[in-house]
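Below is one structure, written out as structure tokens; comments come after it.
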Amino acid sequence: MTPDAPLSSEDDSEAAALATPFIRALVRQMRAHDTTGFWERKSDSELLAGYIVTRAQRRTMPIIGDPDAKLLWRIDQYYAAVGLALEQRVGMIATPIIKLTHEGFGRVVLIVGKLVVTSRVLRDVNRFGFESLAVLAAEGEKLVADAAKNIEAYPEVAQA
């Protein structure tokens with residue numbers, strides 16, 4: 001693509017996704033763990049490529065199996081980014097707690113004060129991923145918005 005060529009709608013949706021507060025938090029979270037500078041030259045899209053799993057790729061993955069360390073790290077970073085984006089939105093510290101079996105089943109909760117603002121059952125984590133950057137951004141933003149609504153509904157518990 002030449003510099004003067006118009007952006008396609010796919011480029012537009014990727015740029016919009018990369019600009020969301022959740023994706024910014026996820027990228028910041030991931031780059032903070034790059035102690036060797038290995039990812040400095042990677043673009044944000046390249047850095048997030050591990051989160052993109054197409055339907056065709058998902059079909060080839062086993063439903064049950066031992067998730068590898070990279071996948072578990074990506075899941076940790078995803079929910080840590082939800083907590084970070086929520087903290088930026090409401091000004092309260094959000095802590096994710098993830099408990100998984102060796103087969104990839106479990107639960108994640110996000111706690112603010114004494115309030116559980118998010119609770120999700122995790123299944124088939126071997127297949128954890130999103131169809132596109134836009135879907136990744138939308139799902140992350142939805143989690144943050146839902147958690148913020150819970151804090152608004154029970155502020156005294158969140159501040160306890």
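Hydrogens, waters and symmetry mates play no part in the numbers below; they use all other heavy atoms, side chains included.
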If every non-hydrogen atom of [X] is compared with every non-hydrogen atom of [Y], which pair is closest and at what distance?
X	Y	value
Q29	A80	NE2-CB, 3.5 Å
A17	L133	CB-O, 3.6 Å
A81	A25	O-CB, 3.8 Å
P67	E103	CD-C, 4.0 Å
A153	P155	C-CD, 3.4 Å
P21	A85	O-CB, 4.3 Å

Looking at [atom1] of [X] and [atom2] of [Y], how far apart are the two atoms once the value is rounded to the nearest 0.5 Å?
X	Y	atom1	atom2	answer
F22	R89	CZ	CZ	13.0 Å
N126	D66	CG	CG	8.0 Å
L86	I151	CG	CD1	4.5 Å
I52	L136	CD1	CG	5.5 Å
E131	Q57	CD	CD	8.5 Å
R28	Q88	CZ	CD	4.5 Å

Please check if [X] and [Y] belong to a single hydrophobic cluster, counting links between Ile, Leu, Val, Met, Phe, Trp and Tyr side chain heavy atoms closer than 4.5 Å.
X	Y	result
V116	L84	no
V135	L71	yes
I23	Y78	yes
V109	L122	no
V157	I111	no

Is there a side-chain contact between [X] and [Y] in this structure, where contact means two heavy atoms from C-beta onward sitting under 4.5 Å apart?
X	Y	answer
V108	T118	no
V53	R127	no
N150	V112	no
R31	D44	yes
L18	S45	yes
D124	F105	yes
Y154	V117	no
L143	D146	no

Hey, what's the ring geometry for [X] with [Y], parallel, tilted or perpendicular (30° and 60° as the breaks)?
X	Y	answer
F130	Y51	tilted
Y79	F128	tilted
H33	W73	perpendicular

Please check if the side chain of [X] supplies one atom and the backbone of [Y] the other of a donor-acceptor pair under 3.5 Å.
X	Y	result
R58	G129	yes
Q77	L26	no
R107	S119	no
R74	G50	yes

- Query: Is the count of non-hydrogen atoms from other residues, nucleotides or ligands lying under 6.0 Å from E46 atom CD greater than 12?
  - Reply: yes

- Just wondering, more than 12 heavy atoms not from R123 lying within 6.0 Å of its CZ? no

